[in-house]
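Chain naming here is simple, since letters A, B, ... match the order of the sequence lines and numbering starts at 1 in each. Source: prediction; values computed, not measured.
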Amino acid sequence: MLVVSVIRKNIDQYSLGLQKRGFKEPMALLNRVIEADELRKSLQAALDEQLNKLNLSSKKIGILMQAGKQDEARQIKLETANIKEESKLLTEKLQMVEKEVRDQLYQIPNIPNEQVAFGVSEADNELIHEGGVLPVLDEKSKPHWDLIADYNLVDFNLGNKISGAGFPFYKNQGARMVRAMINYFLDQAIASGYQEIQPPIIVNEDSAYATGQLPDKEGQMYHLSDTNLYLIPTAEVPLTNIYRDVILKDQDFPVKMVGYTPCFRREAGSWGAHVRGLNRLHQFDKVEIVQIAKPEESYEILQGMIAHIQQLIESLELPYRILRLCGKDLGFSSAITYDFEVFSAGQNKWLEVSSVSNFETYQSNRLKLRYTTEEGKKLLAHTLNGSALAVPRILAAILENNQSSTGIKMPKVLHPYLGFDFISK
RNA sequence: GGAGGGGUGGCCGAGUGGUUGAAGGCGCACGCUUGGAAAGCGUGUAUACCUUUACGGGUAUCGGGGGUUCGAAUCCCUUCCUCUCCGCCA
């Protein structure tokens, strides 16, 4: 959520930023919030004045009562009726306006960083880097959903029976691969100085609001209505919320967390042939890295996170590319996002396997996540996170890219985790 | 799930209707003291919003929400959390 006072100060720059996201009349939108906030302030001032009168009267009455001057006290009591009436009205108005300001702020996404390009579709995402070698496969090569069936690695039918579409059963060497990747990804993050955390995968409403899944993305999450709790769509939610309502001191930095969790996504309305196999699931495994940073350091830290993910993908010997998302494709809360895509040769398709973002203060404003500067000022911190990595699509790419007539070769780095180096019949 | 006890500032802890944003202590900061340190003494030490060039002033906040009252940390309702005992249990 943006800060109104900051919008006011940077209105031209913010307006331009929203244009990058495809907003037609951003200036009007921004001015509307500012005006609503002005109204809020004046109502607040008027209310405070009434409350002040009331407080003064109460004090007087207290003193008179103690002095035994009941009659004088009763006289003042009568006068307070008007004030109370007035402050009640003002309170109601104020609450309405406060809600309006909040609702308007909820509708304004984060302002893109200056590096983010204008764009009208995902075709305008900028290619930043390419790495690895595209595999040359013979024409008998298959997509992973066929390979999975051939080698009995994942059972989708069983998933349908027990849970529903999008809830696969991993079996045999497939299950082993999932477990190996999770462990490998976690170990690599730990080696890069991230603190491992195993968080809950069910969170309350406050947490879902604080990281921005609510109010408008409730369709993304599974909701447990009897207890009003949510299944997490990503470990970002519990990990970042650790720092909700926290004021960090200098010695608390750096804050680097890594967590493995299953992730749950309803993905309402996005089902079809293009999401076959492991490409898109309701439940999947992901290792997530999260950092909290001082504003002046956050972009350097973002580069570090990018480097970490890049190394991870390279170590798996997968062809990949890094894209910087354009304004149109940028997530609502993000100021800048880099997507990592891996080429999956059996489908002849790029699969997004990681998305790393700097949210600047957009999340921390809702989280009330701050830090103390050397001068003792309390400022909003920056939050960043990235996938490192999402398991099923990596699994798919490994299977497809490494297939041959005799079987599937496993990347070297996973051998110690797997206990095997080749999948064959 | 049953029965009971609690949630107060960075921490401990007092406070059951009236100049209480909150005694006292610890911690922390600064100053005095000292050869130096400790002890001692003094001063200061919450957050948010509004207002003021500044000094300052105002409002709200004693788990959250609502109510009673001129006035609530204190009374009532509701909700969350927590502790103890019993039950159940991986």
Please check the phosphate of [N] (OP1 and OP2 only) for any side-chain N or O of [X] closer than 4.0 Å.
{"X": "Lys84(A)", "N": "G71(B)", "result": "yes"}
{"X": "Arg370(A)", "N": "A48(B)", "result": "yes"}
{"X": "Asn55(A)", "N": "C70(B)", "result": "no"}
{"X": "Asn52(A)", "N": "G58(B)", "result": "no"}

Decide side chain to side chain contact (heavy atoms under 4.5 Å, CB included) for Gln291(A) and Phe253(A); before the verdict, give the C-alpha distance in whole Å, the side-chain angles of both, and the deciding distance to 0.1 Å.
CA-CA 10 Å; Gln291(A) 292 209 48; Phe253(A) 291 99; over 6 Å; no
At under 4.0 Å between heavy atoms, what does Lys378(A) touch on the DNA or RNA strands: base, sugar-phosphate, or nothing?
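Touches sugar-phosphate only.
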Touch check for Thr80(A), heavy atoms < 4.0 angstrom, all strands: base, sugar-phosphate only, or nothing?
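Result for Thr80(A) = sugar-phosphate.
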Shortest side-chain distance from [X], nucleotide among [options]:
{"X": "Ile61(A)", "options": "U47(B), C70(B), U59(B)", "answer": "C70(B)"}
{"X": "Lys59(A)", "options": "U51(B), U19(B), G18(B)", "answer": "U19(B)"}
{"X": "Asp48(A)", "options": "U47(B), U51(B), G58(B)", "answer": "G58(B)"}
{"X": "Arg40(A)", "options": "U19(B), C49(B), U47(B)", "answer": "C49(B)"}

Distance between [atom1] atoms of [N] and [M] (Å, rounded):
{"N": "A14(B)", "M": "U68(B)", "atom1": "P", "value": "32 Å"}
{"N": "G63(B)", "M": "U52(B)", "atom1": "C1'", "value": "35 Å"}
{"N": "G87(B)", "M": "G18(B)", "atom1": "P", "value": "45 Å"}

Summary of protein contacts for nucleotides 75-83 of chain B, nucleotide by nucleotide, where a base hit scores B, a sugar-phosphate-only hit scores S (4.0 Å, heavy atoms)
---------
Can you tell me the distance, in whole Å, between the CG atom of Leu78(A) and the C1' atom of C70(B)?
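Taking atom C1' of C70(B) as the reference, CG of Leu78(A) is at 10 Å.
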Rounded to whole Å, how long is the line connecting atom CD1 of Ile63(A) with atom P of G18(B)?
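Checked: the CD1 to P distance equals 13 Å.
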Should Asp421(A) and Lys412(A) count as an ion pair when the cut-off is N to O under 4.0 Å?
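Looking at Lys412(A) together with Asp421(A), the answer is no, because their closest N to O distance does not fall below 4.0 Å.
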Looking at Asp37(A) and Arg40(A), is there a salt bridge between them, counting it only when a charged N and a carboxylate O are closer than 4.0 Å?
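Yes.
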On RNA chain B, nearest-nucleotide positions of Met65(A) versus Lys53(A): which is more 5'?
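Result of the comparison: Met65(A).
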